[in-house]
Protein chains: 2
Amino acid sequence: MSAKETKDSAPSGSAGEHAPTELSERRSSILEAVVAEYIQSAQPVGSSHVVTSTDLKVSPATIRSEMAQLEQEGYLTQPHTSAGRVPTDKGYRFFVDHLAAPSSTPAPQVKEVRNFFDQIHGEMEHVLEESSNLLANLTSYASVVVAPGHTTTSIASVQLIALSSTSVLVLVILTDGTVERSTVDLGSAVEAEIVAEASTLLTATYKGAELQALTATPTSPSAEVQRVLTAVSGPLSLLSSDAGEAQVFVGGPSKLADAFDAVETVRSVLSILEQQLVVVSLLRDVLSSGLSVAIGHEHGYEPLASCAVIVAPLEIDGKAAGAVGLLGPTRMQYPAAMAAAKAVGQELSERLSTLGHEVDH
Amino acid sequence: MSAKETKDSAPSGSAGEHAPTELSERRSSILEAVVAEYIQSAQPVGSSHVVTSTDLKVSPATIRSEMAQLEQEGYLTQPHTSAGRVPTDKGYRFFVDHLAAPSSTPAPQVKEVRNFFDQIHGEMEHVLEESSNLLANLTSYASVVVAPGHTTTSIASVQLIALSSTSVLVLVILTDGTVERSTVDLGSAVEAEIVAEASTLLTATYKGAELQALTATPTSPSAEVQRVLTAVSGPLSLLSSDAGEAQVFVGGPSKLADAFDAVETVRSVLSILEQQLVVVSLLRDVLSSGLSVAIGHEHGYEPLASCAVIVAPLEIDGKAAGAVGLLGPTRMQYPAAMAAAKAVGQELSERLSTLGHEVDH
DNA sequence: ATTTAGCACTCAAGTCTACAGAGTGCTAAT
DNA sequence: ATTAGCACTCTGTAGACTTGAGTGCTAAAT
């Protein structure tokens, strides 16, 4: 609601010496201490705790009055009177926007990500799935990779391949190297040459077009060829409608069981992750709002109110195409998780971009 | 350890009137009542409870002494003195083998499964994944589908398709309609005709062979063609090594959070499900032991000691190929779950079999 | 020789009280 | 503005007590 930017002021070195945006320097320090402590311990943080964990030269009483202010302004809450303070969504938001130094990308992680992408090979689906697992293992949070549909790539070739005398396999090969396929029963036997001819005709027609073009079928003077083309047209247009469908890869769902201790929360979050549509729209919403982190109620999904979502965009040749995300409790290790998501997002984007035109770097 | 067969004696109609195999009729009835009650309530079952839920004309005291016997023989335990009885793995085993009438396959479920397979279409992976989800939703347990590698099918065609002047896409098309692919960088520009020639040669060489054959590359008199063949040989043999790799589809992991109330159990079971290798070998072990159900410690995996695994085989044209499984707590709705797994296994087997030769029924 | 009624016994779980400890908010002094 | 001091509040734990479900045993009944 309040802050939209993640990167704003000059990226100073270590934490705690930022230009505060709405909070006095001291309050901001206190807030930082509370958030940091609570992320670690999951226990409400009391005033004397803050005194020992910061280098503020004040007494607990002073901290208390400041914390009371912070509570009134909505950054902190108490589970009950006479307990310590716990950050609210707004508190975490301030922490992420102003206190968690975004420049502190730990080098070893980046190295591990690089290593991974040097090692991994094989089909794109495999790479995406393993990327998701990597991110989950790196961060100990559940991860999500939403891969682009084929909206941007164009058709490289359409092949018909006879599997038997009466059935053919339809392959649509895209310029990024992915393949869509479908088996078609012709009803009666057809000569191999007829199939080949139809195949050539199809490639000639569609080459360079986008998947959406597959709804219009070409015609042929030969009745036999025409029969094949007609039989194939149905499945082809089906493929075109699948074109935009995003693929979702979920990594490390078991991490959720570590992150929450109420089994009911685990259940509901897991079941959200099973609904791919929801996941896709969640990430899209978060991305389009210009945020890279959505905390608690910031995204509209009530079942995920106790979660934070970190999203990094995927880009293929500079164009937005999917996203990688992390799902954890609101008391999340934001700096580390954001760095990991960013690193994986970047490296994966690069990998996806090179896949298409096989650059020799 | 004791019983291996699932279907043995005559399949009588309703429960409770079986020929007892090691237990007196009455004890067996008592055991049945305890298991059934405990599966429902998750509460230890006391002697008076058994009296009301069976039609035995005896007093609680008699039940008690019988239950004490059943405990001594290892079918039941007590969480503590003065609590009711809870089935042991052995108790569940007897229940599954002798008491849960296997013939009671509920018709509506079978119908739902049929419906599903009539509706579902698209790529094989998609069908497998959705089958897994279906099974999970049908039973409210987590489900696993382990799909066959490509060991049995043979090669229908090998296609090289130019994506750019210096890179080609290698497609290996199998007779079951699946496609393996890999992108190859040729290093320098190659004429389209050369690529086409290499493609024809490859198909001629490999057609009808199994994937494993891809390690030996053919040779060509033309130096240019030879260059392409050499460039392609590496990826091809990689594909051949991928051949046997099973695909694992997990459905409804969130159901696990319902099935167990200790979050730690949920975590450990989930993380098992993430290790596909373990899942595959688990199902294989269970299948090969001739059982369709493994309860508690019957499989060797300690982290799954509180789980039962139900497995139904998948067959393609009569040959064993993969399995569908269910993973739930030992206090599982065995009859329903077994029926569902069996139904989905059968229908899916049929579907997989027809995929290859596209029968028109 | 079973079956059963009766009884003593055990244990988990709930209720109540007491109490220590962590933490707050307020007030009055610095 | 800061802080020491104090009263207050709330949680959590521990112990004492009660309740209730359920058992095992024994001796009588069938």
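This structure is a prediction, so every number in the text was calculated from the model and none was measured. Here is how names work: the chains are called A, B, and so on, in the same order as the sequence lines, proteins then strands, and each is numbered from 1.
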In whole angstrom, what separates B:His80's NE2 from C:dA12's C1'? 5 Å
So how far is it from B:Thr77 OG1 to B:Glu71 CD, rounded to the nearest 0.5 Å? 6.5 Å
CE of B:Met332 to OG1 of B:Thr139, rounded to nearest 0.5 Å, is 6.5 Å
Hey, does the side-chain of B:Thr81 have a donor or acceptor N/O within less than 3.5 Å of a partner on the base of C:dT10? no
Is a donor-acceptor contact shorter than 3.5 angstrom present between the side chain of B:Ser82 and the base of D:dT23? no
D:dT23 OP1/OP2 closer than 4.0 Å to side-chain N/O of B:Ser47: yes
Below 4.0 angstrom from OP1 or OP2 of C:dG25, is there any side-chain N or O of A:Arg85? yes
For DNA chain C, determine which residues of residues 51-78 of chain A have any heavy atom closer than 4.0 angstrom to one of its atoms, and list them numerically. A:Arg64, A:Met67, A:Gln78
Worked check of side chain to side chain donor-acceptor pair (under 3.5 Å) between A:Ser281 and A:Tyr301: CA-CA 11 Å; A:Ser281 73; A:Tyr301 297 84; 2.8 Å; yes
Assess A:Lys90 against A:Tyr75: is NZ or CZ under 6.0 Å from the centre of the six-membered ring, and within 45 degrees of the ring's axis? yes
Can any side-chain N or O of B:Gln78 pair as donor or acceptor with the backbone N or O of B:Arg85 at less than 3.5 Å? no
Charged N-O contact under 4.0 Å between A:Asp97 and A:Arg93: yes
